[in-house]
Amino acid sequence: MATINSNYLKLKAGYLFPEIARRVNAFADANPDAAIIKLGIGDVTEPLPEACRTAMVKAVEDMGDRDSFKGYGPEQGYLWLREKIAQHDFQARGCDIDPSEIFISDGSKCDCGNILDIFGRDNSIAVTDPVYPVYVDTNVMAGHTGPANEAGEYEGLVYLPINAENAFTARIPDEKVDLIYLCFPNNPTGAVATKEHLQAWVNYAKAHGSIILFDAAYEAFITDPAIPHSIYEIEGAQDCAIEFRSFSKNAGFTGTRCALTVVPKSLTGKAADGSDVALHTLWNRRQSTKFNGVSYIVQRGAEAVYSPEGQAQIKALVDFYLENARIIREQLTAAGISVYGGVNAPYVWVKTPNDLTSWDFFDKLLHTCHVVGTPGSGFGAAGEGYFRISAFNSRENVNAAMQRVTKTFKG
Ligand SMILES: *Cc1c(COP(=O)(O)O)cnc(C)c1O
C-alpha cells in the first residue's frame, strides 16, 4: 500500500482566502445590489508592458522559423537574460554578482519552496510573524516542523514578531537559527529594512554560519534612495544570503511567469562530515535535474524589461500602484486610521480602529463600505489587530473604496 507524506496532514487547511470568499459570497447573496470592491488581492491588475509583449511576439515568430527555433534551453536560463539582470539589478548597485550565479525560473514562489531541497533536515528555521505563508507551509511539507498549535504556530519554527513597536523589523534572535526568511519590502506589512538592520542580520548570519533567504519580490517599489534593493548591497551578504526576485510585481508577470534566484558561489553549507559544500553546486544540480528552464518566449519578454522602453514602462506601472497606495494611506489617515507601509511597497498595513480584531474590521468594511481587504491575523498570530489593503487595483476602484471608507469612519 502506498503511503503518503504525512507532513501534509499537519498543514492547517488553507483558511484565509477561502474564509474571505465565503464571507464575501454570503454578503453578496444577501445584498445583490452592493458593488463590492476587492482590495484584498496580491495580484497585479494592469496589462503587460508593451516592450515585453512586442519582444514575446517576436520570440513567437522566432519559434516558427527552422533557423531561429529553440528547443530545450539552458536549465539555468539564457545567458543574454542573466547578463542583463546581473548588470542592471546588481552590478549597477555595486553588487558583485556574476551571471553564472543567477538562475532563471518560472516563479519565486516555487524557488522559495524548492530551495529546501538542498538544505538538511535538522536546521532551525526563523520566520517573521506575520509572514508570507509559503515560507512556513513549505517547511511543514518538508517535515521541518511539528504540528500547529491553536494559534496556528508550528512547533519547531522560531517566530519573530513584527509590529508597530519594532517598526516591523524583527529583533535579531538570541538563539542560533540556521535559516532565516526575510522579505523586504515586506508582504504583508509594506515595511522596508534599512542598511543598518540588514547589516545586523548579515553579521548575525556570518557569526552563526546561518543562511538568509532574502525575498526581494517588491524591490521595484522602493522609492527611498537610502533603502537597499538587494541584500548584496550589504557587506558580507555574499557569504550568507540567497536572494529571490521576480518579474511578477514589477512587470506584471504574475500570469506570464518569470523569476530568478541568486546563489553566490562563495556560499557554503556544512556536510555531515563537517566539510563545507558550495550551495551553488547543489542548486545547479537540483535545477538541472528537476527543472527544464523557462520558455524562450517568456525569457525574451523578461529581457525586454531592461530595454530603455521597458524600463520606462515598468517604472510607470510601479508608479501607478504607488500612487494608489498613496491615496489609500492619505484617505485612511484623514479618517483617523493608523496606517503603515505603502510608501516603498504596494501594501498598506492598517491598524484596526477601536481595537477591533482583524476579522471584525473585515466584516465592518464589507458590510458598511462593501470593501474587501485581508485580515492581518491570516498572516500569523502577531498580525491580529492589523489589516492589509492592496494597491493592486484600478484608480477608479481605489478612489471609490476610499470615499466609502472615509465616509464611514470620519463619522
Ligand atoms: C508575489 C510574491 C512573490 C512572487 O512570486 P512569483 O511566484 O514569482 O509570482 C514572491 N514573494 C512574495 C512575498 C510575493 O508576495
Side-chain angles (χ1 to χ4, degrees), residues 14 16-17 39-46 48-49 52 77 81 85 89 102-116 126-139 160 162 168-170 179-193 212-222 229-231 241-262 287 291 293-295 298-299 301-302 305 314 317-318 321-322 325 341-342 344-349 373-374 376 378-380 383 388-393:
L16 179 62
F17 289 100
L39 298 179
I41 36 174
D43 194 0
V44 298
T45 54
E46 302 308 299
L48 276 183
C52 302
L81 176 56
I85 293 167
D89 289 337
I102 294 169
F103 295 82
I104 308 299
S105 79
D106 59 359
S108 273
K109 186 184 192 174
C110 23
D111 284 356
C112 286
N114 292 337
I115 200 74
L116 294 175
V127 293
T128 63
D129 178 8
V131 69
Y132 180 53
V134 173
Y135 313 147
V136 172
D137 288 0
T138 52
N139 274 290
L160 306 171
I162 53 175
F168 300 97
T169 49
L179 295 179
I180 304 141
Y181 289 86
L182 295 178
C183 175
F184 290 114
N186 189 256
N187 177 10
T189 67
V192 287
I212 296 169
L213 301 170
F214 191 78
D215 186 342
Y218 295 97
E219 66 75 33
F221 291 82
I222 293 173
H229 288 241
S230 167
I231 188 81
I242 289 172
E243 182 163 304
F244 303 99
R245 287 210 181 190
S246 175
F247 294 96
S248 283
K249 310 298 164 40
N250 65 343
F253 271 48
T254 52
T256 305
R257 311 307 302 145
C258 198
L260 59 118
T261 290
V262 184
Q287 290 298 81
F291 185 59
V294 175
S295 90
V298 168
Q299 290 191 67
V305 161
I314 66 163
L317 256 187
V318 166
Y321 294 126
L322 283 174
N344 298 284
Y347 298 117
V348 177
W349 190 240
T374 314
F379 297 100
R388 191 188 76 176
I389 295 187
S390 163
F392 290 129
N393 218 311

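Counting convention: from 1, in listed order, for ligands and their atoms alike. By convention here, the first residue in the shown sequence is residue 1.
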Tyr181 vs Val136, side-chain contact (heavy atoms from CB on, under 4.5 Å): CA-CA, chis, key distance, verdict: CA-CA 9 Å; Tyr181 289 86; Val136 172; over 6 Å; no
Atom indices of ligand 1 within 4.0 angstrom of Asp215 heavy atoms, with elements: 10 (C), 11 (N), 12 (C), 13 (C)
Taking atom 2 (C) of ligand 1 as the reference point, the nearest protein heavy atom with its distance: Lys249 NZ, 2.5 Å
Is there at least one pair of N or O atoms, one from Tyr347 and one from ligand 1, spaced under 3.5 Å apart? no
Starting from atom 7 (O) of ligand 1, which protein heavy atom do you reach first, and at what distance in Å? Arg257 NH2, 2.7 Å
Is the distance from the ring center of Phe291 to that of Phe103 below 6.0 Å? no
Report the nearest protein non-hydrogen atom to atom 15 (O) of ligand 1: residue, atom name, distance rounded to 0.1 Å. Tyr218 OH, 2.6 Å
Ser108 contact mode with ligand 1 (heavy-atom cut-off under 4.0 Å): both
At their closest point, which heavy atom of Pro188 faces which heavy atom of Tyr347, and how far apart are they? O-CB, 3.7 Å
Please check if the side chain of Asn186 supplies one atom and the backbone of Cys183 the other of a donor-acceptor pair under 3.5 Å. yes
Identify, by atom number and element, the atoms of ligand 1 in contact range of Lys109, meaning under 4.0 Å from any of its heavy atoms. 5 (O), 6 (P), 7 (O)
Please report the shortest heavy-atom distance between Tyr321 and Glu46, naming the atom on each side. OH-N, 2.9 Å
For Ala217, the ligand 1 atoms with a heavy-atom partner under 4.0 Å come out as 3 (C), 10 (C), 11 (N)
Atom indices of ligand 1 within 4.0 angstrom of Ser248 heavy atoms, with elements: 6 (P), 8 (O), 9 (O)
Hey, is ligand 1 close enough to Asn187 that some N/O pair sits below 3.5 Å? yes
Distance-only side-chain donor-acceptor flag, Arg245 / Asn250, under 3.5 Å: no
Are the side chains of Asp43 and Phe392 in touch, meaning some heavy atoms are under 4.5 Å apart? no
When you compare ligand 1 with Asp106, is there at least one nitrogen or oxygen pair between them that comes in under 3.5 angstrom? no
Atoms of ligand 1 close to Gly107 [distance to a heavy atom under 4.0 angstrom, numbered from 1]: 7 (O), 8 (O)
Can you find a heavy atom in the side chain of Phe253 that is under 4.5 Å from one in the side chain of Leu48? yes
